[in-house]
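Quick note: residue numbers are just sequence positions, from 1. Because the structure is predicted, anything quoted here is derived from the model rather than measured.
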Amino acid sequence: MDYKYIEQLLDRYWRCETTLEEEQILRAFFQQEEIPAQLKQYQPLFSYEAVEKQVDVLGDDFDKKVLDIIGEEQPAKVITLRQRLMPLFRAAAIVAIFLTLGNAIQVSLNDDSNDAVPMAGIDKPTDGPSVAAAQTDTVKLELQQPTTDVASPIKQ
């Protein structure tokens with residue numbers, strides 16, 4: 001019997017040029033009991049798939065275990081908009097703190113100089129005592145002045 005076609009298919013198989021149908025023909029050929037001696041060395045390669053299908057079969061308990069694992073879905077964690085924007089809020093708070101501290105330091109350093117730009121709506125005197133100190137001085141002066149007797153309607 002001439003096995004030229006099988007040898008051609010094997011040559012094409014080694015060059016990875018065979019189609020699925022041609023590979024199926026090779027598998028069917030090598031599952032036969034009578035194979036020529038020169039092609040006998042390739043029989044385990046093509047009969048391996050058929051033999052291993054029968055040997056390595058997973059049991060029904062494996063399918064059940066896998067389906068149980070897949071079926072145990074953990075609930076998806078819901079992330080609110082507030083949680084998504086929390087890093088942005090933190091960054092904005094840090095920037096606000098730095099700006100506030102920087103402004104406070106700048107004002108405290110420029111407070112003694114007369115070159116400071118006055119803030120709108122605030123009249124700050126540049127010379128003389130403060131208003132609070134002036135008011136306390138007048139109160140003290142009033143208390144220290146002698147009182148004049150004024151005729152009181154109640155006689156003693």
Side-chain angles (χ1 to χ4, degrees), residues 8-31 41-156:
Q8 288 175 356
L9 284 179
L10 281 173
D11 289 338
R12 291 185 60 214
Y13 180 80
W14 301 130
R15 291 182 299 210
C16 301
E17 297 175 354
T18 55
T19 63
L20 293 176
E21 291 81 19
E22 291 170 339
E23 290 177 17
Q24 189 63 30
I25 291 171
L26 286 171
R27 285 189 200 97
F29 173 78
F30 284 107
Q31 287 179 0
Q41 60 184 349
Y42 304 121
Q43 185 178 14
L45 176 68
F46 291 101
S47 64
Y48 175 79
E49 184 179 326
V51 172
E52 288 301 314
K53 273 186 184 179
Q54 297 170 359
V55 174
D56 289 337
V57 177
L58 297 174
D60 293 332
D61 61 335
F62 177 79
D63 291 338
K64 184 182 178 209
K65 289 177 185 177
V66 170
L67 290 175
D68 288 342
I69 291 171
I70 293 172
E72 294 177 11
E73 294 181 15
Q74 296 178 352
K77 184 177 179 183
V78 178
I79 299 175
T80 63
L81 182 63
R82 181 176 182 219
Q83 289 173 336
R84 283 189 182 190
L85 295 178
M86 191 59 69
L88 181 65
F89 294 155
R90 289 180 181 160
I94 290 171
V95 168
I97 289 171
F98 279 123
L99 289 176
T100 303
L101 290 175
N103 192 18
I105 291 171
Q106 183 180 10
V107 167
S108 69
L109 292 176
N110 291 337
D111 194 25
D112 296 335
S113 68
N114 291 333
D115 297 336
V117 177
M119 297 176 67
I122 298 176
D123 296 330
K124 182 177 178 184
T126 55
D127 294 332
S130 68
V131 176
Q135 288 178 354
T136 56
D137 290 341
T138 57
V139 171
K140 288 179 185 176
L141 292 175
E142 290 176 3
L143 293 175
Q144 293 175 358
Q145 292 178 354
T147 58
T148 57
D149 288 334
V150 178
S152 66
I154 304 174
K155 295 190 180 184
Q156 298 178 353

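Counting heavy-atom neighbours within 6.0 Å of Phe98 CZ, excluding the residue itself, gives a total of 12 or less.
Separating the CG atom in Leu9 from the CD atom in Glu17 is a distance of 11.5 Å, to the nearest 0.5 Å. Distance check, rounded to the nearest 0.5 Å: OH of Tyr42 to OH of Tyr13 gives 12.0 Å. Note: Gln106 CD to Leu99 CG = 11.0 Å, rounded to the nearest 0.5 Å. For the atom pair Leu10 CG and Phe30 CZ, the distance stands at 4.5 Å (nearest 0.5 Å). Put simply, CD1 on Ile105 and CG on Asn110 are 12.0 Å apart, with the number rounded to the nearest 0.5 Å. The line from CD of Glu22 to CG of Leu20 is 9.5 Å long, rounded to the nearest 0.5 Å.
By the side chain to side chain donor-acceptor pair (under 3.5 Å) test, Thr19 pairs with Glu21, sequence neighbours left out. Applying the side chain to side chain contact (heavy atoms under 4.5 Å, CB included) criterion to Phe62, with sequence neighbours excluded, gives Leu58, Val66.
The salt bridge (Lys or Arg N to Asp or Glu O under 4.0 Å) contacts involving residues 80-103 comprise nothing, where partners must be two or more places apart or lie in separate chains.
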